[in-house]
Student: 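Below: one structure in structure tokens.
Ligands are counted one by one from 1 in listed order, and the atoms in each one are counted from 1 as well.
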Amino acid sequence: MGHWKCHEQLERELAEYVGKEAALVFSTGMQTNLGTISALVSRGDVVILDKDDHASIVDGARLSWGETKRFRHSDMKDLEHVLSAIPDKKGKLVVVDGLYSMGGDIAPLPEIVPLCKKYGARLMVDDAHAIGVLGGGRGTAAHFGMTDQVDLIMSTFSKSFASLGGFIAGDEPVVHYIKHFARSLIFSASIPPANAAAALAALDVMRTEPERIQRLLDIAEYMRKSYRELGFNTLQSTTPVIPILIGDTMRTIGVWKMLFDNGVFVNPVLSPGVPEGQELLRTSYMATHTDEQLDRVLSVFEQVGKQMD
Ligand SMILES: Cc1ncc(COP(=O)(O)O)c(C=O)c1O
């Protein structure tokens with residue numbers, strides 16, 4: 001499968017949407033992270049990851065010739081501790097998720113950006129869960145009004161774009177460099193034109209129907225508040241990814257089954273997806289969920305909650 005006009009159009013429109021000079025489309029989000037990180041981080045460089053970063057970021061770092069360091073999840077003291085210990089002359093790339101897929105919390109870019117500047121590090125944000133959701137749809141950097149201060153924005157088409165593929169966006173020379181050094185791009189087929197067209201159509205909906213994004217945020221607000229009122233622990237979530245902490249493998253599977261048998265599907269997240277003792281049910285929402293559906297979910301959770309006691 002080749003690189004067609006529709007891929008180029010998608011790249012132009014994505015770059016414009018997230019506020020960057022250029023974008024490059026890969027076959028999946030996984031391949032985007034593998035190719036981008038391994039292309040940019042060379043021997044002698046250091047890539048610095050949040051401990052909760054997505055597996056594709058971790059694997060991108062493993063594929064690179066550089067050294068990997070990790071800091072405690074969104075812990076700015078620990079990030080500074082790690083950055084300050086790296087010699088000035090080494091190239092540094094910090095990679096964080098914009099919206100964390102398990103906790104539903106947002107990376108504190110207003111604190112991460114100044115630290116990157118202080119220690120001469122570049123910043124890449126994986127916005128797989130944030131494009132189409134935060135910042136009017138344009139992602140985490142836009143949410144904080146910091147698009148110009150984030151070097152690279154990555155995302156996937158497998159979430160809000162309802163397609164398949166991924167992209168990286170940034171300054172034109174950097175994207176050009178990635179295009180010629182990312183092995184997962186060079187040695188793999190492009191997405192089929194139908195997937196590119198689907199992603200373009202989704203982008204069009206994001207741009208022209210902002211009421212859908214608002215509806216999604218309203219749903220998330222309502223559900224988070226309702227779960228908390230029912231006594232469930234939704235951790236630090238402030239977004240449409242709402243975890244329900246259960247804290248034990250067998251109990252999580254048991255609750256998942258009770259919900260499933262009552263017509264509610266959620267994702268059970270077990271160790272090693274989360275640390276032992278942090279097992280949870282991940283609930284996530286679509287703008288097309290109706291009020292009736294949401295209230296039905298809440299009433300099933302209420303019944304199941306009573307049986308858990
Ligand atoms: C944060 C994050 N990054 C990257 C990916 C990989 O994207 P893809 O499914 O397109 O490979 C995912 C999930 O699928 C993800 O949640």
Student: Do Tyr227 and Leu298 have side-chain heavy atoms sitting under 4.5 Å apart?
Tutor: yes
Student: Would you list the atom pairs, donor with acceptor, under 3.5 Å between side chains in residues 23-35 and any protein atom, with sequence neighbours excluded?
Tutor:
unit_1: Ser27; atom_1: OG; unit_2: Ala189; atom_2: O; d: 2.6
unit_1: Thr28; atom_1: OG1; unit_2: Met30; atom_2: N; d: 3.4
unit_1: Thr28; atom_1: OG1; unit_2: Gln31; atom_2: N; d: 2.9
unit_1: Thr32; atom_1: OG1; unit_2: Thr28; atom_2: O; d: 2.7
unit_1: Asn33; atom_1: ND2; unit_2: Ser56; atom_2: OG; d: 3.0
unit_1: Asn33; atom_1: ND2; unit_2: Asp126; atom_2: OD2; d: 3.0

Student: What pairs with Leu200 under side-chain contact (heavy atoms from CB on, under 4.5 Å), at least two apart in sequence or on another chain?
Tutor: Gln9, Leu10, Glu13
Student: Can you tell me if Glu80 and Tyr119 form a side-chain donor-acceptor pair at under 3.5 Å?
Tutor: yes
Student: With sequence neighbours excluded, tell me which residues meet side chain to side chain donor-acceptor pair (under 3.5 Å) with Arg72.
Tutor: Asp75
Student: Which N/O atoms of ligand 1 sit under 3.5 Å from a protein N/O, and at what distances?
Tutor:
unit_1: ligand 1; atom_1: 3 (N); unit_2: Asp126; atom_2: OD1; d: 3.4
unit_1: ligand 1; atom_1: 3 (N); unit_2: Asp126; atom_2: OD2; d: 2.7
unit_1: ligand 1; atom_1: 9 (O); unit_2: Ser158; atom_2: OG; d: 3.0
unit_1: ligand 1; atom_1: 10 (O); unit_2: Gly29; atom_2: N; d: 2.7
unit_1: ligand 1; atom_1: 10 (O); unit_2: Thr156; atom_2: OG1; d: 2.6
unit_1: ligand 1; atom_1: 10 (O); unit_2: Ser158; atom_2: OG; d: 3.4
unit_1: ligand 1; atom_1: 11 (O); unit_2: Gly29; atom_2: N; d: 3.3
unit_1: ligand 1; atom_1: 11 (O); unit_2: Met30; atom_2: N; d: 2.9
unit_1: ligand 1; atom_1: 14 (O); unit_2: Lys159; atom_2: NZ; d: 2.9
unit_1: ligand 1; atom_1: 16 (O); unit_2: His129; atom_2: NE2; d: 2.7

Student: State whether a side-chain donor-acceptor pair under 3.5 Å links Asp97 with His54.
Tutor: no
